[in-house]
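Below, chain A is the first sequence line, B the second, and so on; all start at residue 1.
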There are 2 protein chains.
Amino acid sequence: MEKLEPHNCKIGIGECLHIIAGKWKPIILLLLQLEGTQRFSDLKRWIPGITQKMLTAQLKELEQEDLIQRTVYAEVPPRVEYSITEHGRTLEHILRQLNEWGIQHINYVNEKRVDQS
Amino acid sequence: MEKLEPHNCKIGIGECLHIIAGKWKPIILLLLQLEGTQRFSDLKRWIPGITQKMLTAQLKELEQEDLIQRTVYAEVPPRVEYSITEHGRTLEHILRQLNEWGIQHINYVNEKRVDQS
DNA sequence: CTGAATCCTAAAAGATACTG
DNA sequence: CAGTATCTTTTAGGATTCAG
C-alpha cells in the first residue's frame with residue numbers, strides 16, 4: 001500500500017469521491033446493496049425526486065465502474081434489472097461510515113450551537 | 001444509531017460528502033492532519049495547482065464546519081496559521097479508507113482491462 | 001417500460017487583477 | 001503575506017419531449 005501522503009492521496013481519494021459522490025449515486029448503491037436487485041421502475045419509485053435522465057445517467061456511470069450490473073430481459077414490455085456487483089459490495093463499509101460521520105457531525109454542530117446561545 | 005436505510009442515509013452521507021468532497025478539501029484536511037499546523041503560504045506550496053481564491057474559499061468552509069482552526073498573528077508581514085481540530089481528526093480514518101479504496105479500484109479496473117485484451 | 005435527445009439553470013472551479 | 005473582487009469557463013443537475 002502506498003504511503004499516506006497528501007500528494008498521492010489526491011489520486012486515491014479523488015478517484016473514490018469522483019465515483020461515489022453526487023446527489024444520487026450513494027443512494028443507488030445503498031439501495032441495491034440493502035434491498036437487492038431492482039428494476040429501473042423500482043429504483044425510480046424508491047428514490048423520490050430523481051428524474052429518468054439522472055437515474056439513467058448515474059446507473060450508466062456506476063455500471064462502467066463495474067459497481068453495478070445491468071441485465072436486460074427480452075420481453076414486451078422491456079424489463080431491465082440492476083444489481084450490485086461483488087466489487088460494488090466493497091463500498092458498503094465506506095458508505096456506512098460516511099453516513100455515521102454525517103449524522104454525528106450534524107449532532108456536533110447542533111450541540112455547539114446550543115452551547116453558544 | 002439510525003437504521004441503515006437508503007432514504008435516511010441520504011442525510012448522513014449527503015452531509016458528509018458535502019463537507020469533504022470537492023477538488024481540494026480532502027487534500028487540505030490530510031495535509032493538516034499529517035503534517036501539522038501550516039500557514040497559508042505553506043498550504044499553497046504543498047498543493048500544486050490550487051489558486052489563492054480556491055484555497056481561501058475552501059479553508060473558510062472547513063473552518064465553518066469546525067474541522068480546522070484559523071489563527072491570526074498580529075505581525076508585519078501578516079502570519080495566519082491553520083491547524084486541524086479535534087473534530088477534524090475524526091475524519092482521518094474515513095479519508096484513509098477513501099484513499100485505499102480509490103487505489104484498489106484503479107488496480108481493479110486496470111486488471112480487468114488487461115484480462116479483456 | 002426503459003430509455004435517448006434537447007434545452008436550460010445553478011453551482012463549482014479557474015484566471016486575473018487588485019489591496020492592507 | 002494573506003487575502004478580495006470580478007469575470008469567464010466548466011460541470012452537475014433538472015425539465016421536457018420523443019422513441020423502441
S.K.: Going by side chain to side chain contact (heavy atoms under 4.5 Å, CB included), name the residues that satisfy it together with A/His18, two or more places apart in sequence or in a different chain.
M.R.: none
S.K.: What is the distance from CD of A/Gln58 to C1' of D/dA12, rounded to the nearest Å?
M.R.: 9 Å
S.K.: What is the distance, to the nearest angstrom, from the CG atom on B/Leu55 to the P atom on D/dA2?
M.R.: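 After rounding, the reported distance stands at 10 Å.
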S.K.: Give a yes or no on whether a salt bridge exists between A/Lys112 and A/Asp115, defined as a side-chain N under 4.0 angstrom from a carboxylate O.
M.R.: no
S.K.: Take the C1' atoms of the five end pairs on each side of the helix from C/dC1-D/dG20 to C/dG20-D/dC1, derive the two axes, and give their angle rounded to 10 degrees.
M.R.: 40°
S.K.: Got a sec, which residues hit side chain to side chain contact (heavy atoms under 4.5 Å, CB included) with A/Arg89, two or more places apart in sequence or on another chain?
M.R.: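 Scan of A/Arg89 (side chain to side chain contact (heavy atoms under 4.5 Å, CB included), adjacent residues dropped) gives A/Gln33, A/Ile84, A/Glu86, A/Glu92.
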S.K.: Quick one: list whatever passes ring pair (Phe, Tyr, Trp, His ring centres under 6.0 Å) with A/Trp24, sequence neighbours left out.
M.R.: none
S.K.: Sequence neighbours left out, cut at 3.5 Å: what donor-acceptor pairs do the side chains of residues 61-68 of chain B make with other protein atoms?
M.R.:
unit_1: B/Glu61; atom_1: OE1; unit_2: B/Lys25; atom_2: NZ; d: 2.7
unit_1: B/Glu65; atom_1: OE1; unit_2: A/His105; atom_2: NE2; d: 2.7
unit_1: B/Asp66; atom_1: OD2; unit_2: A/Tyr108; atom_2: OH; d: 2.2

S.K.: Which hydrophobic side chains are connected to A/Ile11, either touching it within the sub-4.5 Å cutoff or through other members that do?
M.R.: B/Ile106
S.K.: Going by number, which of residues 14-31 of chain A have a non-hydrogen atom under 4.0 Å from DNA chain C?
M.R.: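 None, since no heavy atom is under 4.0 Å.
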S.K.: Please identify each residue that fulfils salt bridge (Lys or Arg N to Asp or Glu O under 4.0 Å) with B/Arg39, with sequence neighbours left out.
M.R.: none
S.K.: For A/Asn110, give me all partners under side-chain hydrogen bond (donor to acceptor under 3.5 Å, both in side chains), at least two apart in sequence or on another chain.
M.R.: A/Arg113
S.K.: What is the distance, to the nearest angstrom, from the CE atom on B/Met54 to the C1' atom on C/dA12?
M.R.: 7 Å
S.K.: Measure CD/B/Gln38 against C1'/D/dG3 and give the value in whole Å, please.
M.R.: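 After rounding, the gap between these two atoms is 18 Å.
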S.K.: Could you list the protein-to-nucleotides 1-7 of chain C atom pairs, N/O on both sides, closer than 3.5 Å?
M.R.:
unit_1: C/dC1; atom_1: O3'; unit_2: A/Arg39; atom_2: NH2; d: 3.2
unit_1: C/dC1; atom_1: O3'; unit_2: A/Pro78; atom_2: O; d: 3.4
unit_1: C/dT2; atom_1: OP1; unit_2: A/Arg39; atom_2: NE; d: 3.1
unit_1: C/dT2; atom_1: OP1; unit_2: A/Arg39; atom_2: NH2; d: 3.3
unit_1: C/dT2; atom_1: OP2; unit_2: A/Ser41; atom_2: N; d: 2.8
unit_1: C/dT2; atom_1: OP2; unit_2: A/Ser41; atom_2: OG; d: 2.9
unit_1: C/dG3; atom_1: OP1; unit_2: A/Arg70; atom_2: NE; d: 3.2
unit_1: C/dG3; atom_1: OP1; unit_2: A/Arg70; atom_2: NH2; d: 2.0
unit_1: C/dG3; atom_1: OP2; unit_2: A/Tyr82; atom_2: OH; d: 2.7
unit_1: C/dG3; atom_1: N7; unit_2: A/Gln52; atom_2: OE1; d: 2.9
unit_1: C/dG3; atom_1: O6; unit_2: A/Gln52; atom_2: OE1; d: 3.1
unit_1: C/dA4; atom_1: OP1; unit_2: A/Lys60; atom_2: NZ; d: 3.4

S.K.: Looking at residues at least two apart in the chain, or sitting in another chain, which of them share a side chain to side chain contact (heavy atoms under 4.5 Å, CB included) with B/Glu75?
M.R.: B/Tyr73, B/Arg79
S.K.: To the nearest Å, how far apart are B/Ile50 CD1 and C/dA13 P?
M.R.: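 One finds 10 Å between P of C/dA13 and CD1 of B/Ile50, rounded.
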S.K.: Which residues, ordered by chain and number, are linked to B/Val114 in its hydrophobic cluster, where ILVMFWY side chains connect at heavy-atom gaps below 4.5 Å, directly or through other members?
M.R.: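 Members other than B/Val114 - counting any ILVMFWY side chain reachable under 4.5 Å - there are none.
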S.K.: Quick check, are the ring centers of A/His87 and B/Trp101 under 6.0 angstrom apart?
M.R.: yes
